[in-house]
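Structure, as structure tokens:
First listed ligand is number 1; within each ligand, the first listed atom is number 1. All values reported here derive from a predicted model rather than from experimental measurement.
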Amino acid sequence: MTEYGLLLKGVGSFYEVLTDAGTSVTCKARGAFRREGLVPTVGDRVGIERQESGYAKLVEILPRRNLSVRPAVANIDQLLIVVSASAPAPDWMLVDRLIIAAKRMGVTPVPVLNKIDTATDAIRETFLREYHAFETLTVSAVTHEGLDALKDRLTGKVTCFAGQSAVGKSSLLNALFPNLHLETGGLSEKTERGRHTTRHAELWPYAGGAVLDTPGFSLFETECLEQDELDACYPEFSDASPCRFPGCMHISEPDCGVKPLLEAGVLSAERYERYKEIAKDYQQRRKHRYD
Ligand SMILES: Nc1nc2c(ncn2[C@@H]2O[C@H](COP(=O)(O)OP(=O)(O)OP(=O)(O)O)[C@@H](O)[C@H]2O)c(=O)[nH]1
Ligand SMILES: [Mg+2]
Ligand SMILES: [Zn+2]
């Protein structure tokens, strides 16, 4: 008999599956997956078969809604893009690129400002101005301010936490799950080592959904986007009137519909500056696509 469930984590050739009946079962994957080039991935809905003796077998991977490669995670609904209100200083370019990565996967991006217990008014205003076109959250893993809104946001969804090292992703998860005790790290120690404290992807069931802590998120590195695909990643652009030229990059073309959004305050000047860099980057990639 096949039972179905959610793949929570994989360690070596063992997989932990939470069945729909609510039991956690350690499984080994059926050998045929490897021949078919399939890798059971955290977030997968899977079918398992218990054995008379020994480990249960993971026998089926249900079709995925989406798949990210680094980190390896499937079927996520939303990407929480965490930045810190103090150290480390926000990398807005990374936020913009993660928004694009999320949109390309069909995942809702949610920019989150953490450490608001340390925030200046200026940083709060910057964050809200840059990302007014998104559903944002402002939280503190230390004082728990904003945690209820975060919990609401997680209910019934599979959510992936992403962002620079030391912004407090694991700390937020620890605040949500008092029994979790994820490893968190001091900032100076991290900067010296230059790498993340969190090293594996693992999913925790939460309020009808699940949350996932990740060490980083870099799938956007590889893709090549057409201009219209990039446009679709900027919700601000949906207010623009049509540009004169199809494929307009909204940089120096005449009669561009996007540039008036700057004066109208719909598009922040800083976000537009970063957009230009990103758009030129994709233009270069398109040029060298077949090299
Ligand atoms: N003041 C303040 N400090 C925080 C908050 N959240 C996290 N920190 C601190 O920030 C540091 C880094 O937190 P982590 O939770 O390890 O950060 P992370 O994003 O999981 O980092 P990686 O696993 O390396 O990617 C720790 O020293 C935390 O105590 C917060 O809301 N306010
Ligand atoms: Mg962490
Ligand atoms: Zn334009």
Side-chain angles (χ1 to χ4, degrees), residues 70-71 79-91 94-95 98 112-120 123-124 127 137-147 149-150 160-177 180-204 211-218 226-228 230-232 234 236-264 266-267 272 275-276 278-280 282-283:
R70 269 192 302 146
L79 187 68
L80 259 59
I81 303 167
V82 185
V83 289
S84 160
S86 47
D91 180 346
L94 179 67
V95 177
L98 286 173
V112 179
L113 183 67
N114 185 36
K115 310 197 189 185
I116 52 167
D117 54 297
T118 63
T120 58
I123 195 90
R124 238 183 242 262
F127 173 77
L137 293 167
T138 54
V139 294
S140 166
V142 169
T143 64
H144 292 197
E145 195 181 337
L147 214 61
L150 172 62
C160 188
F161 282 64
Q164 289 157 271
S165 186
V167 293
K169 301 178 293 295
S170 300
S171 302
L172 283 170
L173 285 167
N174 284 339
L176 292 168
F177 301 91
L180 201 57
H181 306 301
L182 287 179
E183 194 191 344
T184 61
L187 186 67
S188 58
E189 185 195 335
K190 279 175 207 234
T191 338
E192 277 159 32
R193 285 186 298 150
R195 60 183 161 90
H196 289 269
T197 301
T198 302
R199 279 175 216 102
H200 321 275
E202 181 168 358
L203 207 58
W204 284 277
V211 293
L212 183 97
D213 189 14
T214 68
F217 213 89
S218 52
E226 299 300 332
Q227 181 61 41
D228 60 332
L230 179 61
D231 287 346
Y234 282 78
E236 293 98 327
F237 293 2
S238 61
D239 286 337
S241 41
C243 303
R244 178 173 0 154
F245 296 107
C248 180
M249 284 177 68
H250 326 303
I251 295 177
S252 50
E253 298 87 344
D255 300 326
C256 168
V258 164
K259 267 181 276 167
L261 299 177
L262 277 167
E263 288 102 82
V266 175
L267 183 61
Y272 177 65
Y275 159 79
K276 285 200 286 191
I278 291 171
K280 285 176 187 163
Y282 281 117
Q283 185 188 38

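- Between Val139 and ligand 1, no N or O atom pair is found at a separation short of 3.5 Å.
- For the pair SG of Cys256 and SG of Cys243, the angle at the Zn ion (ligand 3) is about 110°; rounding is to 10 degrees.
- Contact check for Pro90 versus Val95: no side-chain heavy atoms found under the 4.5 Å cut-off.
- A distance-only check finds no donor-acceptor pair linking the side chain of Asn114 to the backbone of Val82 [under 3.5 Å].
- For the Zn ion (ligand 3), the nearest N, O or S atom contributed by His250 is named ND1.
- In this structure a side-chain-to-backbone donor-acceptor pair under 3.5 Å is present from Lys259 to Ile251.
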- Task: Given side-chain contact (heavy atoms from CB on, under 4.5 Å), test Leu80 with Leu150 step by step and report yes or no.
- Result: CA-CA 10 Å; Leu80 259 59; Leu150 172 62; 3.4 Å; yes
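- Near Ser140, meaning under 4.0 Å from any of its heavy atoms, are these atoms of ligand 1: 31 (O).
- Minimum heavy-atom separation, Pro88 to Ala166: CD-O, 3.4 Å.
- Residue-to-ligand polar distances place Ala166 within reach of ligand 1: an N/O pair is separated by less than 3.5 Å.
- Short contacts between ligand 1 and Thr118, defined as distances under 4.0 Å to a heavy atom of the residue, involve ligand atoms 1 (N).
- Under 4.0 Å from ligand 1, heavy atoms of Val167 appear from its side chain as well as its backbone.
- Heavy atoms of Val142 found under 4.0 angstrom from ligand 1 belong to the backbone as well as the side chain.
- Under a 3.5 Å cut-off, the side chain of Gln164 and the backbone N or O of Ala89 do form a donor-acceptor pair.
- Between Ile116 and ligand 1, no pair of N/O atoms sits closer than 3.5 Å.
- Within the coordination shell of the Mg ion (ligand 2), defined by N, O or S atoms under 2.8 Å, Ser165 is absent.
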- Evaluate side-chain contact (heavy atoms from CB on, under 4.5 Å) for His250 paired with Gln227, printing each intermediate quantity in order. CA-CA 10 Å; His250 326 303; Gln227 181 61 41; 3.8 Å; yes
